[in-house]
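Got a structure for you, questions after.
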Amino acid sequence: MRVRFAPSPTGFLHIGNARTAIINYLLAKSNNWKFILRIEDTDRERSTRESEQSILNDLSWLGIVWDEGPDKGGSYGPYRQSERFDIYREYTERLLEENNAYHCYCTPDEIETVRKKVEAENKPYECVNRCGEIGDDDKKKFELDGRKPAVRFRVSRGELITVKDYIKGNITFNSDNIGGDFIIVRSDGYPIYNYIVVLDDILMKVSHVIRGEDHLSNTPKQVLIHRALGIPVPEYAHHPLILGPDRAKLSKRHGITSVELYRKEGYLPEALVNYMALLGWATEDGAEILTFDEIVRQIDLKNIGKSASVFDFQKLRWMNGIYIRNYPVDSLVELFLPYITEAGFDPLAVEERHLKSIITAVRGSCEVLSDIKKVIGIFLSELNEPDEEADKMLKEDYSREIIILTEKLFSGSRINGENFIEGIITMIKEGTELKGKKLFMPVRAMLTGRLKGPEMDAAIPLIGFEKLRKRVEYCFNTYCRQ
RNA sequence: GUCCCCGUCGUCUAGGGGUCUAGGACACCGGGUUUUCAUCCCGGCAACAGGGGUUCGAAUCCCCUCGGGGAUGCCA
């Protein structure tokens, strides 16, 4: 059995398409099917090679490995539709010869006019079929006018088409309301998706067409092409779409929608795959944090939900945080590196063991990798000047009491390079009546410049004596001198 | 408008005639741990869209209404 993912290279990989890819891939791995990648680049105006490359990268990043595809070939290639035009031409000839298709000389403008008129009357548009019956004389006249014909597929009247769908069940359409004769080849000779998807799926021996629900209403047209060609239909499964919080199809205005941006934000592919698998599907025991293998073992076409689901950014974030907390530290350090650089530090200048300890201390407060930018300065900056909230806290009287006390301890060498790890908190505690929040928050603010962050006991030794001393001095000068 | 799909807590879902005073997860709220924020642990809030059937019995089956989504391209 074989499944395919067939993106159109007209931009970045959208999260919704990524889910289609993931579902196909998970199912392929689960059932031992082949996974084929096909590039549907017949939209000449919008398709680009850069886009194709970025989609390939994103799929790889997600952990998807295709068995056949444009970059690695296979027995049913080529895998780019733009390279298969000769194949399509033969079929078009045949459809034309057998009178299942005809040349249409209407111009886009003419059609547009009719469409507008019909829409104004609130009736469904249907091709007027003018060219379906014209004779050779008229054709010659049009050609003399310099018109290039498109090819239209002839839709029979009153034909019932039942699509057997694994997820939705049996759906019956009447050929009378699928919009009439539809174009399969543009006037410039470029074929249309709806047509060649049929050809390629057959030619590439795709057994299961698993795609988004937005393709469901195209399916009867495709079935009709199968019938005209006398070839059997594949198995179909149309999964529901992902919605934004307002329940409209997920789009840019809802937040980030490209896989690339998720990667840049610092989501882990494992978390993204895990989260997406759980949209419209659940395990028997309700477990949610699942490894790839666990998902593969349990997922089944038969229990994928029928209803659309709202993409919950918050839950994804939460799940990503779980993955960050459970990741092997060594690999995690690697993953964090670019974000540390982005924060303005050179991670290579930091001793590896030290860096690993820092990551271990802060991973708990990171839900996405880029969160480290907010806390890394605690360890790598000399001062890490207090941010707004910390500044506000340090201006409080009880904070000043602690700053003055600590400054004395440092300047009088009571706290020194030898004892600071155990000493700072202990001695401050001994020198004041303050406790709890009023003790710890000022200490945290003074020493780290932030109100949030890793545990103080873990942070102090990692910051180091010199930096701590400077920070205390800075706070003393800033908040305790009149 | 027309065609098609869908409808369980705010969100993702479990459930497929009795075991449902409807279970889990995120979010939210409260408590505990951490003499601190976060993490972690415990607890709470919160749903069968509405109306008709069928049945001894309906979240579960049927119909209608309503609501949402998709399609309606010489895009994919």
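Keep in mind it's a predicted model, so treat the numbers as computed, not measured. Below, chains carry the letters A, B, ... as their sequence lines are ordered, and counting in each starts from 1.
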Between U60(B) and C20(B), how far apart are the two C1' atoms, rounded to whole Å?
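11 Å, rounded to whole Å.
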Could you give the distance separating U39(B) and C29(B) at their P atoms, to the nearest angstrom?
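One P to the other, the span is 12 Å.
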Between A76(B) atom P and Tyr195(A) atom OH, what is the distance in whole Å?
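Roughly 14 Å, once rounded to whole Å.
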According to the side chain to side chain donor-acceptor pair (under 3.5 Å) rule, which pairs have a member within residues 6-23 of chain A, sequence neighbours left out?
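For residues 6-23 of chain A: Thr20(A)-His239(A).
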Does G67(B) have a Watson-Crick or wobble partner in any strand here, with both distances under 3.5 angstrom, and which is it?
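Partner of G67(B): C6(B).
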Only pairs with both distances under 3.5 Å count, Watson-Crick or wobble alike; so what is the partner of U39(B) in this structure?
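Result: none.
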Ser251(A): side-chain hydrogen bond (donor to acceptor under 3.5 Å, both in side chains) partners, not counting sequence neighbours:
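Ser251(A) satisfies side-chain hydrogen bond (donor to acceptor under 3.5 Å, both in side chains) with no residue once adjacent residues are dropped.
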Nearest-Å distance once atom C1' is located in both G30(B) and C66(B)
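Comparing C1' positions in G30(B) and C66(B) gives a spacing of 38 Å.
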Under 4.0 angstrom between Lys249(A) side-chain N/O and A71(B) OP1 or OP2:
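Affirmative; the distance criterion is met.
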Base, sugar-phosphate alone, or nothing: which one does Leu241(A) contact when heavy atoms must sit under 4.0 Å apart?
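Since only primed, P, OP1 and OP2 atoms lie under 4.0 Å of Leu241(A), the category is sugar-phosphate.
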Considering every strand and a 4.0 Å limit on heavy-atom distances, what is the contact class for Thr42(A): base, sugar-phosphate, or nothing?
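It contacts sugar-phosphate atoms only.
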Starting at CZ of Phe182(A) and ending at P of C74(B), how long is that distance when rounded to a whole Å?
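To the nearest whole Å, that distance equals 11 Å.
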Under the side-chain hydrogen bond (donor to acceptor under 3.5 Å, both in side chains) test, which residues partner Glu401(A), sequence neighbours left out?
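Glu401(A) satisfies side-chain hydrogen bond (donor to acceptor under 3.5 Å, both in side chains) with Thr432(A) once adjacent residues are dropped.
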Between G69(B), A27(B), A76(B), which nucleotide has the shortest distance from any of its atoms to the side chain of Asp43(A)?
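Between G69(B), A27(B), A76(B), the one nearest the side chain of Asp43(A) would be A76(B).
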Look at all strands and tell whether Met319(A) reaches a base, only sugar-phosphate, or nothing, counting heavy atoms closer than 4.0 Å.
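Nothing: the residue Met319(A), judged by heavy atoms under 4.0 Å, touches no strand.
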Test item: Tyr193(A) side-chain N/O and Asp43(A) main-chain N/O as donor-acceptor pair under 3.5 Å:
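Answer holds: no.
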Could you state the CG-P distance from Asp457(A) to A38(B), rounded to the nearest angstrom?
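After rounding, the gap between these two atoms is 17 Å.
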Ignoring the backbone of Phe173(A), work out which of C4(B), C5(B), A76(B) is nearest its side chain.
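So the nucleotide nearest the side chain must be C4(B).
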Using a cut-off of less than 4.0 Å, is there contact between a side-chain N or O of Lys306(A) and OP1 or OP2 of C6(B)?
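Affirmative; the distance criterion is met.
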Between Arg325(A) and C40(B), is there a side-chain N or O to OP1/OP2 distance below 4.0 Å?
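Yes.
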Contact class for Tyr190(A) vs. all strands (heavy atom < 4.0 Å): base, sugar-phosphate, or nothing?
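The residue Tyr190(A) makes no contact with any strand.
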What interatomic distance, in whole Å, is found between P of G18(B) and the corresponding atom of A58(B)?
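Pairwise P distance, A58(B) against G18(B), rounds to 11 Å.
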Considering heavy-atom distances to RNA chain B, does Gly453(A) or Ala150(A) have its closest nucleotide positioned more toward the 5' end?
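The answer here is Gly453(A).
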When the C1' atoms of G44(B) and A27(B) are considered, how many whole Å apart are they?
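That atom pair is separated by 14 Å.
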Counter-base of G44(B), judged by Watson-Crick or G-U geometry with both distances under 3.5 Å
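For G44(B), the partner nucleotide comes out as C28(B), under the 3.5 Å rule.
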Protein-nucleotide distance (His215(A), atom NE2; U72(B), atom P), rounded to Å
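My rounded result for the distance is 10 Å.
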Regarding Asn194(A), tell me which of base, sugar-phosphate or nothing describes its non-hydrogen contacts under 4.0 Å with the strands shown.
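If one applies the 4.0 Å heavy-atom cut-off, Asn194(A) turns out to touch nothing in the nucleic acid.
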In whole angstrom, give the distance that lies between atom CG of Leu160(A) and atom P of C3(B).
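Rounded to the whole Å, the gap is 14 Å.
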What is the distance, rounded to the nearest whole Å, between atom NZ of Lys374(A) and atom P of U39(B)?
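Atom NZ in Lys374(A) sits about 12 Å away from atom P in U39(B).
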When rounded to the nearest Å, what value does the distance between C1' atoms of A59(B) and U21(B) take?
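Per the computed distance, 15 Å lies between those C1' atoms.
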Between C1' of C74(B) and CD1 of Ile183(A), the distance in whole Å:
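Going from CD1 in Ile183(A) over to C1' in C74(B) covers 4 Å.
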How long is the span from the CD1 atom in Ile171(A) to the NZ atom in Lys164(A), to the nearest 0.5 Å?
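Rounded to the nearest 0.5 Å, the CD1-NZ separation comes out at 12.5 Å.
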Distance between the C1' atoms of G15(B) and A25(B), in whole angstroms?
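To the nearest whole Å, 16 Å.
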I'd like to check the ring pair (Phe, Tyr, Trp, His ring centres under 6.0 Å) partners of Phe5(A); sequence neighbours left out, ordered by chain and number.
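Once residues adjacent in sequence are excluded, Phe5(A) has no partner under the ring pair (Phe, Tyr, Trp, His ring centres under 6.0 Å) criterion.
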Using a cut-off of less than 4.0 Å, is there contact between a side-chain N or O of Thr172(A) and OP1 or OP2 of C4(B)?
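No, because none of the side-chain N or O atoms of Thr172(A) sits under 4.0 Å from OP1 or OP2 of C4(B).
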So that I can tick it off, tell me whether Lys168(A) and Glu213(A) are bridged by a salt bridge, with the cut-off set at under 4.0 angstrom between side-chain N and carboxylate O.
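Yes, Glu213(A) and Lys168(A) are salt-bridged.
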State which of A38(B), G70(B), A76(B) makes the closest approach to the side chain of Tyr193(A).
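Out of A38(B), G70(B), A76(B), the nucleotide with an atom closest to Tyr193(A)'s side chain is A76(B).
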List, one per line, each side-chain donor-acceptor pair under 3.5 Å for residues 297-306 of chain A, sequence neighbours excluded.
residue, atom, partner, partner atom, Å
Gln298(A), NE2, Glu294(A), O, 3.2
Asp300(A), OD1, Lys302(A), N, 3.0
Asn303(A), OD1, Trp281(A), NE1, 3.1

Would Asp41(A) and Ser82(A) count as having a side-chain donor-acceptor pair, cut-off 3.5 Å?
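Their side chains do contain a donor-acceptor pair, which is all the 3.5 Å distance test asks for.
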If you take atom types as modelled and just measure distance, does the side chain of Ser217(A) reach the base of C3(B) with a donor-acceptor pair under 3.5 Å?
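Counting by modelled atom types and ignoring angles, no donor-acceptor contact under 3.5 Å is found here.
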Residue Trp318(A), side-chain heavy atoms: nucleotide from U36(B), C75(B), A25(B) that is nearest
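Ranking U36(B), C75(B), A25(B) by closest atom to the Trp318(A) side chain puts A25(B) first.
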Along RNA chain B (nearest heavy atom to each residue), the more 5'-positioned of Met441(A) and Ile167(A):
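Checking each residue's closest nucleotide, the 5'-ward one belongs to Ile167(A).
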Applying a 3.5 Å limit to both distances, which nucleotide forms a Watson-Crick or G-U wobble pair with G1(B)?
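Its partner is U72(B).
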Separation of the P atoms in G68(B) and A49(B), to the nearest angstrom
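Result for the P pair: 16 Å, nearest Å.
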In whole Å, I'd like the distance from the CD atom of Glu388(A) to the P atom of C37(B).
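Rounded to whole Å, this separation is 21 Å.
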Do Phe292(A) and Tyr25(A) have side-chain heavy atoms sitting under 4.5 Å apart?
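A side-chain contact under 4.5 Å exists here.
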Name the pairs: protein N/O against N/O of nucleotides 12-14 of chain B, kept only if under 3.5 Å.
residue, atom, partner, partner atom, Å
C12(B), OP1, Arg247(A), NH2, 3.4
C12(B), OP1, Val310(A), N, 2.9
C12(B), O2', Leu278(A), O, 3.0
U13(B), OP1, Gly280(A), N, 2.4
U13(B), OP1, Ser309(A), OG, 3.3

